[in-house]
Every structure is written in structure tokens, then in C-alpha cells.
Amino acid sequence: MNVLQTILILAAAFLAVFGEAAFSLPRQLFGAQVDLLPALMICAALNTNVVTVSLLAVLGGLWFDALSANPLGVTILPLFAVGFPICLRRDLVLRELPFAQVFLGAAASALVPALCVLLLLTGGQQPLLGWGSVWQWLVMTAGGALATPVIFVLFDWCRHALGYQPQTETSFRPDREIRRGRQ
Amino acid sequence: MLRKKHYLALGAVTLVTVLLLSLPSRTVSHLKLAIGGLFLPLFGTVNAVRQLPDRAADTLLPRSELLKEIDNLRRENQEFEVRQQQTDASARENDQLRALVGWQQQQPWKLKLASVVLRDPANWWRTIQIDLGKRDGLVENLPVLTADGLVGRVSSVGYTRSQVVLVEDPSCRVSARILNPAQDLGVISPGGPLENSLVDLFYLSGNANLKPGQEVVTSGEGGIFPAGIPIGQIVDSRQAEFGLYTEARVKLSANLGALDQVWVLMNPQLN
């Protein structure tokens, strides 16, 4: 199931990056495009292993940078910086709770673009920044926060649909059956 | 807490990032276009999805409406033909005068239509990708425009598609001329991240006499854009650096937020 989950997450990341580049409805409505990679990273970090987290960071970052004017590879480290610590400490996270998912999604969606811009500025690039960037950052944070529980639900559904179902144990035991009436 | 597997993952990701960031820009450009090529099979799907509402509208549109539209288009076409004859006569006269004075002859613009296939997913860049590439004769730094005005320039070229840097991107600077009596010159720079149709015009002379509504066109200086491409109109102006120079805001003529098709100028004739 782990391989299937990894493939599912990578396929979702591929489609998410393409969707962000092809459809600009959020940009027209709110002035900013929502990035779904941080939300996917949260899902990967809480449900899979460190290999999947690394693959998502590298491939997701490469795909994103290939379609953008970012220097190639600049998105990899921010994504990994979000996913790796969560993956290490996931036993402490109540991952089933929607509140935890929303909170982690918001934090990741806020942190990834901030780290990206920081790396760009460190590398001598001049991204388009201004007071409007604060609004864009808020939109990205809110969008990522809302998307995270939805992604969790979708992945749970996929896991149930495509994975082996655990055999449920019945509480019925024939030797403890109370027989009524005359034999 | 950190196991061997975690150390390996951390090391591998860091190594990949450092390697990629230290690659030469030419290799990075090729690598980007190669990775971007993975998305090619999805382009057709997007076009189909985008055309769905149009097709639905086509089936619902009554025949009388379509005939009326055709009539209007015919009338417009005839008007354009008459104007074209007048323009041709002016061009001939211009050529004769240029020949008399010994100036270089002007070539008619050779344009290629391109569809916009993708926009930059990052909020801090303003680029688009078009469906023309090296096989169509594109090279870097060709001007890109619409019927309304300047859009940007080609920044990198792949075999089948290219990246275009829009006028409102920080890496696209345009030398501009204001069509006022003084013909003031300035440099177009990006506005804010949320100001989709507004850009700033810097380095105008301190005594520039600017009025809202004045046309701004490319000046032909800078080596990329030919003179005379409409950029936009002056919105307002202010003095900067204690009156040393003037800054203005320009409303772009082309709607960069809703680009579907653009024209690539294949033979920019520079000054």
C-alpha cells in the first residue's frame, strides 16, 4: 500500500502543479494563486514515510520550478523543511482531527512561499514583491489550510478504495450462544 | 530520534538542491524545458476544458444572432480593407521619401500567432508559456504583443513552446516614450503584485509635462522592442527625489490578466 500511496501523492502533486499553471481562477478572484504542494506535503508527512516526503519535495519542487520563472530547485528545500520535521514528530500530531489538519496546512502554506522568497532574495533574484504580497500570502495560507482536510479525505477514500480492507472481527461466538426454548 | 534513513534522506535532498542551484544557466534552461515537456500531454485536455463553455454557448446561440454577427464582421472587414488601401498608399509614399533622403527602408512586421498555454504558478513572477518554439523560428528576446498593445518579450525558447516575460515582471524593462509635445522618455517598471494593469514609468525628466490619458509607446531604444508599439496611457504622475525626476503610473493597453492568444513579432526592426 505504501508504494501505491507514494504514486498517488506524486500523481496528485503533478496534477496540482499543472492545475496551478493552467487554471488561474483563484488569481482572477483573489489576486493570488493557491499552492497545493504544501498541503500535499502535510498529507505525505503524516501518512507515509520519509522516502515519500523526500520524493514529493524533489519532484514537486522540480515540476513547480520548471513551469515558473523560479531558479530550478529553489522550491525543493522549503517543501522538505516543512515535511521532514512533521514526518519525524508525527506521533505527537492528532492527524485524524480536522483542526490539526487545517492548522498544519495553514502553517505549511505560509512557510513554503516565505522560505522560497527568502531563498530567491538570498540568491540575488528580484521577485515581484510589495504590500500586495501580504494579501497574496494570506490567500495562499487560507487556501492551503482549506485544501488540507479535503486532500486528507480524498486520500482516505483512495486508500479504502484501492487498498486491502482489514478483516473485521465479529463479536459473535457460537460457543457462547444462548439457546432458548426446549431442545 | 533521527535514524540512518532520515539522515540519508536529508543528505540526498540537500545534495540535489545544491547541485541544481549550482548548474549553469543554459543547462538549467534546457532542464526546465525538458521537465516542463512532461506536461505536454495535459495541454490538449486543458484546451478542451477551456473550449467547453464556448461550444455550449455556440449550440445555444440562435441562427439569426449568428447571421447578424456575420453581417457585422463583413462590414468591419470592408472598412479594414479600405483602411488598408490608405495605409498601403501611405507606406509607399513613406518608402519613396525614405529613399529620397537615403534612410533605411522599413520592413512590414512579420507576426506569428501563439496560444497562451500556461501561466506562472508562482505569485512573485509574471510569465506565460506559449505554444511556439524553435521549430517555428522563435529566438530569445522577440517582442510579444496583442492588438491592444505590448505584452512582453520571449525569455527562453524550447522546441515546441517558449516562456514570455510580461511587461509587469521585474525582469522586463522597457524604454518608453510619451506621445506629448516634449516626447518624454522613461523606463517601464513593474507596479505592485496586485496591480494587474498598472505599471510604473520611471526616470522621466523633472520638468516633464504629463497629463492623464497621454499615450505611452515603446521608444525603440534598448535593443529589444521596436519603436511605436502601444504600451498604455498615463494615469497620474508625481515628482521624485526632490524634483530630480518624475514618476508616472501607466495603465496597460493589453489586458495581461486574460491573455488567450498573442502575436510574436518575428522581425523586430530596431533603431
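Reminder, nothing fancy here: chain letters follow the sequence lines and each chain counts from 1. A quick note: this is a predicted structure, and the numbers were derived from the prediction, not measured.
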Open item on the list: Contact between B:Leu142 and B:Leu265 at the side-chain level, heavy atoms closer than 4.5 Å - yes or no?
Closed with: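 Side chain of B:Leu142 against side chain of B:Leu265, heavy atoms only: no contact under 4.5 Å found.
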Can you check whether [Y]'s main-chain N or O pairs, donor with acceptor, with [X]'s side chain at less than 3.5 Å?
| X | Y | value |
| --- | --- | --- |
| A:Gln33 | A:Glu20 | yes |
| A:Arg90 | A:Ala45 | yes |
| B:Asn141 | B:Ile224 | no |
| A:Asn49 | A:Thr52 | yes |
| B:Asp136 | B:Leu138 | no |
| A:Asp65 | A:Leu62 | no |
| B:Asp120 | B:Ala122 | yes |
| B:Arg135 | B:Leu132 | no |
| B:Arg161 | B:Leu33 | yes |

For [X], is it the side chain, the backbone, both or neither that has a heavy atom under 4.5 Å from a heavy atom of chain B?
| X | result |
| --- | --- |
| A:Leu15 | side chain |
| A:Cys87 | neither |
| A:Val139 | neither |
| A:Asn70 | both |
| A:Leu120 | side chain |
| A:Ser24 | side chain |
| A:Trp135 | side chain |
| A:Phe80 | side chain |

If you count heavy-atom pairs under 4.5 Å with chain A, which of [options] comes out on top?
| options | value |
| --- | --- |
| B:Leu42, B:Thr17, B:Thr127 | B:Leu42 |
| B:Leu8, B:Leu38, B:Val116 | B:Leu38 |
| B:Leu23, B:Val13, B:Thr14 | B:Val13 |
| B:Gly37, B:Ser25, B:Pro170, B:Gly36 | B:Pro170 |

If you count heavy-atom pairs under 4.5 Å between each of [options] and chain B, which one has the most?
| options | result |
| --- | --- |
| A:Ser133, A:Pro71, A:Gly130, A:Pro127 | A:Pro127 |
| A:Val50, A:Leu55, A:Leu67 | A:Leu67 |
| A:Pro113, A:Gly19, A:Gly123, A:Ala57 | A:Pro113 |
| A:Gln28, A:Gln126, A:Gln125 | A:Gln126 |
| A:Val58, A:Val34, A:Leu72 | A:Leu72 |

Using 30° and 60° as the class limits, which term best fits the ring planes of A:Phe14 and A:Trp63: parallel, tilted or perpendicular?
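Rings of A:Phe14 and A:Trp63: perpendicular, as their planes differ by over 60°.
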* What part of B:Leu19 gets closer than 4.5 Å to chain A, counting heavy atoms only: side chain, backbone, both or neither? ->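 Neither the backbone nor the side chain of B:Leu19 comes within 4.5 Å of chain A.
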